[in-house]
K.L.:
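I'd like to ask you about the structure that follows.
Along the sequence shown, residues are numbered consecutively beginning with 1. Atoms within a ligand are numbered from 1 in the order they appear, just like the ligands themselves.
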Amino acid sequence: MKTIYEELLERGMTRRDFLKMATVLTAALGLEHTMVGKVVAAMESKPRLPVIWLEFQDCAGCSESLTRSHDPYLTKLLFNDISVDYHETLFAAAGKQAEENKERIMKEYAGQYVLVVEGSIPTKDGGVYCTVSGKTAIQQLKEAAENALAVIAIGTCGSFGGLPHANPNPTGAVGAGSIVKDKPVINIPGCPPMPEVITNTIAHVAILGELPELDYLGRPKAFYGQTIHDRCPRRPFYEQGKFAESWDDEGAKQGWCLYKLGCKGPTTYNACAVIKWNEGVSFPIQSNHPCLGCSEPNFWDNGPVYKPVAVPPGLLEAEGKAAGASVLAGGALAIGAALVAAQQKKKAAEAGKKEEQR
Ligand code: SF4
Ligand code: SF4
Ligand code: F3S
C-alpha cells in the first residue's frame, strides 16, 4: 500500500512542499518543533488511513463545526489526502451505494481505519430509535468498531450522550464509550466541539498512528487540560469579586465576571478561551455569554442555565456587605465550583452505574 508521502508525490507535491506541510502539521498537532522528523517519518512510512464517520442521534452540528476549520493545511490533508471516506452528511453518495462503500472500506482496511462517531446511541427498546440502512445504531457501531484502529467520539452527544441523554432520556441515549468496550474511545466533547480540536485529533491518530494523551474522561489533554476559567480574560474581575448581576447592568457593560449569570467556566475543561471560534475571533464569554459547560457530561442537567448553581445561599449576597468582599466572593465561588464538580462526578458515577446495569 502506498505511503502518505508517495500519494502526495503522485498528486504533484514537491519534496520541498511536503517538508513545509510537515512543519505546519507538526505545529497544528501541538507538537514541539523537534518532532517534525517524527511527522515526516510517519508520513513517509505509513499508508493513509481512511476515516469512516458515522452519525446517530445528532443535529449534525459537529459536522458543521468540522467544515468551519480555519486550518487549511489540516482540512485539506484530512479531506484530500487522509480522506474522510464515508460521511453521511458530507458524502455525495447515498443509500445502497454509500453503504456498500462503507462495507468495502471496513473490509479492505480492516484494522487500519479510524472510526469517528457523531451523535448518541439509543439503547432502549432494542435501540429502535435510530436505525441506518435497517440496522440499529448499536449494530452499526459495533460492526464498524470491531476492526477500527481507533474510535473517536465527536461532540458531547457522541462522547457522553449529550442532549438526547438529558433527563428523562427517553431513548436511553449513551455515548460511544458505553458500547465500545474492547478499545479506547477518544472523546472530543463540546456542543459542538471546536473544529481545530476535531481535525487535530483525527490527524494525530491518522498520521502518527497513535493516541494522544487523554484525561480521565478520555479527552485529549492538549485541548482539555485546562478549564475555561483558567484562561478566561475576565478572570481578574473574578479575583477582585467584580460580577455582572444582570445582562445590562454596569458590571456587564464593564466586562466583569459572568459567574452570577450562570457561568460554568470554573468546572468546564475545553480550549475555547485559547483557540476561540470563527478563526480565532471570539468565544461565548468574550461575546458576553456565560460558558454553559457544553464539553462536560450531563451539562443539560447540571442545574439552571443562567443561575450560579451550587453556591451556598447567602454567601454571594453577603460578599458586597462584608469587609474584604473580594476575598469572600472568591471563597464562595471556589466552594460553588467545588460543589458543581462534586455534583458532576456524582452524576457521572450514577450514570455509569445505570449503564452498567443495562
Ligand atoms: Fe449537535 Fe451538540 Fe450533539 Fe454535536 S454535540 S450533534 S452539536 S447536539
Ligand atoms: Fe470567566 Fe466564567 Fe471564570 Fe468568570 S466564572 S472568570 S466569566 S470563566
Ligand atoms: Fe462550550 Fe463553554 Fe466553550 S459553553 S463553547 S465550553 S465557552
K.L.:
Quick one: is the NZ or CZ of R234 closer than 6.0 Å to the six-membered ring centre of F243, and within 45° of its axis?
P.N.:
no

K.L.:
Taking only Lys NZ, Arg NE, NH1 and NH2, and the carboxylate oxygens of Asp or Glu, determine whether K242 and E250 approach each other closer than 4.0 Å.
P.N.:
no

K.L.:
Is there a heavy atom of P284 sitting under 4.0 angstrom from any atom of ligand 3?
P.N.:
yes

K.L.:
Could you tell me whether the side chains of K102 and Q140 share a donor-acceptor contact shorter than 3.5 Å?
P.N.:
yes

K.L.:
In this structure, are over 12 heavy atoms from other groups packed under 6.0 Å from R235 atom CZ?
P.N.:
yes

K.L.:
Could you check whether Y306 and H289, counting side-chain N and O atoms only, form a donor-acceptor pair closer than 3.5 Å?
P.N.:
yes

K.L.:
Looking at E103 and K107, does any basic side-chain N land under 4.0 Å from a carboxylate oxygen?
P.N.:
no

K.L.:
So if I count the atoms of ligand 3 from 1 in the order they appear, which ones are less than 4.0 Å from some heavy atom of C294?
P.N.:
1 (Fe), 4 (S), 5 (S), 6 (S)

K.L.:
How close does the nearest protein non-hydrogen atom get to atom 3 (Fe) of ligand 3, and which residue and atom is it?
P.N.:
C272 SG, 2.3 Å

K.L.:
So, are E245 and K260 salt-bridged, with charged N and O less than 4.0 Å apart?
P.N.:
yes

K.L.:
As an exercise, identify every atom of ligand 3 less than 4.0 angstrom from a heavy atom of T268.
P.N.:
6 (S)

K.L.:
With heavy atoms only and a cut-off of under 4.0 Å, state how C291 meets ligand 3: side chain, backbone, both or neither.
P.N.:
both

K.L.:
Could you check whether any side-chain heavy atom of I188 comes within less than 4.5 Å of a side-chain heavy atom of R219, counting everything from C-beta outward?
P.N.:
no

K.L.:
Considering only NZ, NE, NH1 and NH2 on the basic side and carboxylate oxygens on the acidic side, decide whether E44 and R15 come within less than 4.0 Å.
P.N.:
yes

K.L.:
Tell me, which protein residue and heavy-atom name are nearest atom 4 (S) of ligand 3, and how many Å apart are they?
P.N.:
L292 N, 3.1 Å

K.L.:
Under 2.8 Å from atom 3 (Fe) of ligand 2, which protein atoms of type N, O or S occur, listed by chain and number?
P.N.:
H229 ND1

K.L.:
Kindly check if the number of other-residue, nucleotide or ligand heavy atoms within 6.0 Å of NZ (K2) is above 12?
P.N.:
no

K.L.:
Counting only heavy atoms not in F237, do more than 12 fall under 6.0 Å of its CZ?
P.N.:
yes

K.L.:
Can you list the atoms of ligand 3 that are under 4.0 Å from a heavy atom of G293?
P.N.:
4 (S)

K.L.:
If the criterion is any heavy atom closer than 4.0 Å to an atom of ligand 1, which residues make the list?
P.N.:
D58, C59, G61, C62, G155, T156, C157, G190, C191, P192

K.L.:
Compare all side-chain heavy atoms of S178 with those of I121 and state whether any distance is below 4.5 angstrom.
P.N.:
no

K.L.:
NZ of K142: more than 12 outside heavy atoms within 6.0 angstrom?
P.N.:
no

K.L.:
Among protein heavy atoms, which lies nearest atom 6 (S) of ligand 3, and at what distance?
P.N.:
N270 ND2, 3.5 Å

